[in-house]
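Written out below as structure tokens is the structure these notes cover.
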Amino acid sequence: MNVRAKNQPQLSSTPNHANATSAFSASNIERIRADFPILQRSIHGKPLVYLDNAASSQMPQQVIDRLAHYQTHEHANIHRGVHTLSQNATTEYENARLKVMNFIGAKESREIIFTHGTTEGINLVMHGYGRRFIGEGDEIIISAMEHHSNIVPWQMLCEEKKARLRIIPMNDAGELLLDEYAKLFNKNTKFVALTHVSNALGTINPVREMIATAHQYGAPVLLDGAQAAPHMAVNVQDLDCDFYVFSSHKMCGPTGVGILYGKAALLEKMQPYQGGGDMILNVTFERTTYNDIPHKFEAGTPAIAAGIGLGAAIDYITAIGLENIAAHEQALLEYASEAARSIPGLKIIGTAQHKAAVLSFILDDIHPHDIGTLLDQEGIAVRAGHHCAQPVMQRFGIPATARASFAFYNTFEEVDALIAGIHTVKKVFA
Ligand code: 7TS
């Protein structure tokens, strides 16, 4: 029944060191690309060049097969049936939880909570921790480069509790100012919520150091790992973060599922996010006792297939190796950034020293939506807009950017296509 093993991507055990530009040889990358049926598609008669991976990544056949196998042969509700199908589905779902635990280096599987995605994970912590432990006059620190999903829930909490939101500023390269960060702490600081990697700028924040600072003041730290977990090895115990959230659909898994990691001691102190089935031990009209973690936070029937699919996605990217993925994507980023810098009128937004493979840019005075639309005519998918990070746009005094975001299945030829596409856009507006 193991539909994954036979199709695992095979990488040569000896990386091609002669080719200093990538962790993958040409045949490796072709083999990887062959796993992704959608990459064979054409858009407007041109081969698809998919560079919108920060919004959502594509799914390999191994994960598609795992989902189809589950739906075809294995589906039943979990955690409640004595019948074989239900017990098997429960085992598969709980196996996926173990895979997530290993993937991020958590200590125990009860620290892994299935959510709908990053956004729900943050909202769960805001409700479960924030509403219980943050009160009037308290302060929450976030950064100037957060996605809206790591701003708005904390704003809602501050409004409700009369607490205060403090913002870590950044420099013109899109790097957080660590001196200013240190100055924000005082006896009222109760929580820090910070993105590991910025979706709009690509900045990789020095989160380990920043967590240590917060802990000196006794403030727990939530890391938004939506843009980090798919692209670099993450170890939550090594980082010592208190919460870590990410989404399956940005790491080759299905939509509708994500992960909240929390330290067990904190999760146990938190109030449930939603009430319902599965999150209880005993219910009477007088009193309900809650289930143990993680189930206390998993009310109702979850996205079972998606959770199992996430497990298959983790198998897939683990077989390729996060170090290989990071190295290949860095090579793509460097190649693309250098080529982009040589285009007159193009300005890269986000030039941090430590960056993930996100290339946000503006071009002359062409609106990014026009750039996105014209690139689409060439078969090239990029995102244009504020990337759900409007304060980042405000910081740089622009309404929007065009953004190419890379994954391990992208190639140098695709970067060439992007650069050629940008030249075409320039010609149209010349
Ligand atoms: N946090 C970050 C850093 C993100 O990049 C995103 C999604 C989210 C949170 C929300 O994730 P969700 O799965 O709950 O929606 N970012 C993007 C993006 O950059 N383009 O589209 C979605």
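Along the sequence shown, residues are numbered consecutively beginning with 1. Counting starts at 1 for both ligands and their atoms, in listed order.
- Within a 6.0 Å sphere centred on CZ of Arg41, other residues, nucleotides and ligands contribute 12 heavy atoms or fewer.
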TODO: Show the numbers, then the answer: is there a side-chain hydrogen bond (donor to acceptor under 3.5 Å, both in side chains) between Tyr316 and Asp35?
DONE: CA-CA 10 Å; Tyr316 184 84; Asp35 287 336; 2.8 Å; yes

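- In this structure, a donor-acceptor pair under 3.5 Å is present between the side chains of His215 and Asp240.
- Among the candidates Glu108, Glu92, Glu298, the single residue satisfying the salt bridge (charged side-chain N to carboxylate O under 4.0 Å, His left out) test with Arg97 is Glu298.
- Salt-bridge formation is not detected for the pair Glu338/Arg341: no Lys NZ or Arg NE/NH1/NH2 atom is positioned less than 4.0 Å from an Asp or Glu carboxylate oxygen.
- Using a 4.0 Å heavy-atom criterion, the residues that approach ligand 1 are Ala54, Ala55, Thr118, Thr119, His147, Ser149, Thr195, Asn199, Asp224, Ala226, Gln227, Ser247, His249, Lys250, Arg383, Arg403.
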Enumerate, atom names and distances included, each donor-acceptor pair closer than 3.5 Å involving a side-chain atom of residues 150-158, sequence neighbours excluded.
unit_1	atom_1	unit_2	atom_2	d
Asn150	OD1	Trp154	NE1	2.8
Asn150	ND2	Glu146	OE1	2.8

